[in-house]
Amino acid sequence: GYKPAIFGRIMIGYTIFNLLGTLSVWGLNTALAYYLPKEDGRSEEYRIILAATILGLIISIVVTGITILFNRPLSGIIFGNTELSEFIIPFLIGIPIYVCLSMVTGVFRGYESVRLKAISKDMFYNLAQVILIVVFIYFGIDGRFIGFVYVLSGAGTVVLAILLLYTYY
């Protein structure tokens with residue numbers, strides 16, 4: 001089973017995931033939501049979406065790479081123990097997926113598609129996390145890998161959101 005200390009580590013990992021993910025997005029998702037309704041042509045919209053997503057992914061990959069490179073010293077600072085560095089890795093791997101999810105959410109907001117955002121980000125993402133956490137606990141998967149809950153649920157949500165975008169737009 002999971003000991004109480006693991007939940008604190010999960011929250012620290014999740015906080016790092018959210019902080020670095022938000023820094024990697026650089027507000028590009030908000031820019032998409034603001035500029036997409038003002039564009040007339042679909043080809044211009046796709047170029048804006050693609051450019052913002054690629055830029056966000058490049059930034060997130062660089063941030064992830066630097067953070068993984070300095071993972072052991074950061075773990076020493078954060079956890080007081082460099083042996084816990086592998087605990088942060090799954091959360092760091094999820095940062096580019098966080099960026100993609102933020103971009104898709106920005107597109108939904110730009111197209112004013114509350115329904116599609118609700119289906120993908122609000123319902124599917126959260127439900128997938130709950131199911132995966134239950135599966136991890138049920139099968140006794142080591143708590144160091146709980147960060148993959150966010151990676152897998154985020155990746156599944158990005159795929160669903162892209163399918164919804166292609167279906168309705």
Side-chain angles (χ1 to χ4, degrees), residues 1-34 36-37 45-46 49-50 52-57 59-61 63-64 67-68 78-79 84 86-169:
Y2 293 131
K3 296 183 176 162
I6 197 76
F7 296 104
R9 293 181 184 141
I10 290 169
M11 289 312 302
I12 291 171
Y14 186 68
T15 301
I16 291 168
F17 168 75
N18 276 319
L19 177 67
L20 294 178
T22 302
L23 289 173
S24 296
V25 171
W26 275 29
L28 292 169
N29 57 338
T30 305
L32 284 175
Y34 180 75
L36 283 181
E45 288 177 2
Y46 292 136
I49 293 167
L50 190 60
T53 303
I54 289 172
L55 182 59
L57 282 174
I59 293 167
S60 69
I61 290 168
V63 167
T64 299
T67 311
I68 287 175
I78 294 168
F79 296 123
L84 295 173
E86 71 271 3
F87 186 83
I88 297 175
I89 297 286
F91 289 99
L92 296 177
I93 292 170
I95 292 171
I97 294 169
Y98 178 98
V99 168
C100 288
L101 189 57
S102 295
M103 295 301 176
V104 170
T105 303
V107 171
F108 285 150
R109 285 182 26 226
Y111 287 149
E112 297 179 358
S113 182
V114 176
R115 183 174 52 97
L116 295 183
K117 180 189 172 288
I119 291 169
S120 61
K121 177 83 171 30
D122 299 336
M123 292 188 327
F124 181 82
Y125 183 61
N126 293 317
L127 182 62
Q129 286 179 359
V130 169
I131 290 170
L132 287 170
I133 288 172
V134 168
V135 167
F136 272 50
I137 292 172
Y138 181 78
F139 288 109
I141 296 173
D142 192 339
R144 291 176 296 180
F145 301 110
I146 203 84
F148 285 114
V149 165
Y150 302 101
V151 173
L152 295 172
S153 61
T157 305
V158 168
V159 169
L160 174 64
I162 290 171
L163 289 173
L164 290 171
L165 278 174
Y166 276 119
T167 303
Y168 292 102
Y169 292 101

Please report the closest heavy-atom contact between Glu45 and Tyr111, naming both atoms and the distance. OE1-OH, 2.6 Å
Which of Leu32, Val114, Ile119, Leu165 passes side-chain contact (heavy atoms from CB on, under 4.5 Å) with Phe108? Answer is Leu165
From Ile95 atom CD1 to Leu19 atom CG, the distance as rounded to the nearest 0.5 Å: 8.5 Å
Starting at CZ of Phe7, measure out to CD1 of Ile12 and round the result to the nearest 0.5 Å. 14.0 Å
Could you measure the distance from the CE atom of Met103 to the OG1 atom of Thr30? Nearest 0.5 Å is fine. 9.0 Å
For Ile68 and Leu92, the nearest pair of non-hydrogen atoms, with its separation, is CG1-CD1, 3.6 Å
With a 4.5 Å limit on heavy-atom distance, are the side chains of Val104 and Thr157 in contact? no
Within-4.5 Å side-chain heavy-atom neighbours: Thr105 and Asn29: no
Side-chain touch Tyr169/Leu116, heavy atoms, less than 4.5 angstrom: yes
Do Tyr98 and Val25 have side-chain heavy atoms sitting under 4.5 Å apart? yes
Within this structure, what is the CG-CG distance for the pair Leu127 and Leu132, rounded to the nearest 0.5 Å? 9.5 Å
Around atom CD of Glu112, are there more than 12 heavy atoms from other residues, nucleotides or ligands closer than 6.0 Å? no
Are Phe145 and Phe136 an aromatic pair by the rule of ring centers under 6.0 Å? no
CD1/Ile59 to CD1/Ile54 distance, rounded to the nearest 0.5 angstrom? 12.0 Å
Any donor-acceptor pair under 3.5 Å from Thr64 side chain to Ile61 backbone: no
Within-4.5 Å side-chain heavy-atom neighbours: Leu23 and Val63: no
With a 4.5 Å heavy-atom cut-off, do Ile146 and Phe91 have their side chains touching? yes
Over all heavy atoms of both residues, which pair between Gln129 and Tyr150 is shortest? Give the atoms and the distance, please. NE2-CD2, 3.4 Å
Which pair of heavy atoms, one from Val99 and one from Ser24, lies closest together, and at what distance? CG2-CB, 3.7 Å
How long is the straight-line distance from OG of Ser120 back to CD1 of Ile162, given to the nearest 0.5 Å? 10.5 Å
For Asn18 versus Thr22, what's the shortest heavy-atom pair and its separation? O-OG1, 2.7 Å
Looking only at heavy atoms, the pair that brings Leu57 and Cys100 closest together is CD2-SG, 3.6 Å
